[in-house]
Amino acid sequence: MVEELSPQCSRKGCRAPGAWSLLWNNPKLHEPAYRKTWLACDDHREYLTDFLTARAFLREVTPFRAPQRDGSA
């Protein structure tokens with residue numbers, strides 16, 4: 001059986017639920033339309049945003065919405 005983990009903040013050591021999606025890419029490695037996602041809790045949104053912005057990686061910040069489970073297996 002595979003354990004499902006709840007989405008949590010991407011800040012090292014933080015286990016808080018993810019509240020924000022930080023969409024980013026590294027233009028030296030990725031196509032312009034490609035997006036990677038980090039999740040941030042309310043406490044670490046600014047820290048992670050600043051980290052990605054300083055490297056010119058941040059593309060967009062949106063509220064995080066967990067995928068809906070349809071109940072099929």
Practice problem: Using the test ring-ring contact (aromatic ring centres under 6.0 Å, His included), find all partners of Phe64 that sit at least two apart in sequence or belong to another chain. | Solution: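 Scan of Phe64 (ring-ring contact (aromatic ring centres under 6.0 Å, His included), adjacent residues dropped) gives none.
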Quiz prompt | Partner set under ring-ring contact (aromatic ring centres under 6.0 Å, His included) for Trp20, not counting sequence neighbours | solution =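 Listed in chain order: nothing, the list is empty.
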Quiz item: Does a side-chain heavy-atom distance below 4.5 Å link Cys41 with Cys14?
Solution: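 Cys41 vs Cys14: side chains touch.
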Quiz item: Is a side-chain donor or acceptor of His44 paired with a backbone partner of Ala40 at a separation under 3.5 angstrom?
Solution: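 Absent.
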Quiz prompt | Non-neighbouring partners of Ala19 that pass side chain to side chain contact (heavy atoms under 4.5 Å, CB included), sequence neighbours left out | solution =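 Partners of Ala19 under the side chain to side chain contact (heavy atoms under 4.5 Å, CB included) test: Asp42.
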Practice problem: Treating Ile, Leu, Val, Met, Phe, Trp and Tyr as nodes and any side-chain heavy-atom pair under 4.5 angstrom as an edge, say whether Trp24 and Tyr34 lie in one connected cluster. | Solution: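 No: no chain of side-chain contacts under 4.5 Å links Trp24 to Tyr34.
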In a table with atom names and distances, give each donor-acceptor pair under 3.5 Å that connects a side chain of residues 52-61 to protein atoms at least two apart or in another chain.
residue, atom, partner, partner atom, Å
Thr53, OG1, Thr49, O, 2.8
Arg55, NH1, Phe51, O, 2.8
Arg59, NE, Asn25, OD1, 3.0
Arg59, NH1, Ala56, O, 3.1
Arg59, NH1, Phe57, O, 3.4
Arg59, NH2, Asn25, OD1, 2.8
Arg59, NH2, Ala56, O, 3.2

Quiz item: Which distance, rounded to the nearest 0.5 Å, do you find between the CZ of Arg45 and the OG of Ser21?
Solution: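 Result: 10.5 Å between the selected atoms.
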Self-check item: Over all atoms of both residues, closest heavy-atom pair of Leu39 and Gly18
Solution: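 Heavy atoms of Leu39 and Gly18 come nearest at CB-CA, 4.1 Å.
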Quiz item: In chain order, what residues pass the side-chain hydrogen bond (donor to acceptor under 3.5 Å, both in side chains) check against Arg35, with sequence neighbours excluded?
Solution: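 Testing Arg35 for side-chain hydrogen bond (donor to acceptor under 3.5 Å, both in side chains), a comparison that skips the adjacent residues, returns none.
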Quiz prompt | Apart from Leu23 itself, residues in the same hydrophobic cluster as defined by side-chain heavy atoms under 4.5 Å | solution = none
Quiz prompt | Stepwise side chain to side chain contact (heavy atoms under 4.5 Å, CB included) test for Leu48 and Cys9 | solution = CA-CA 10 Å; Leu48 293 171; Cys9 182; 4.3 Å; yes
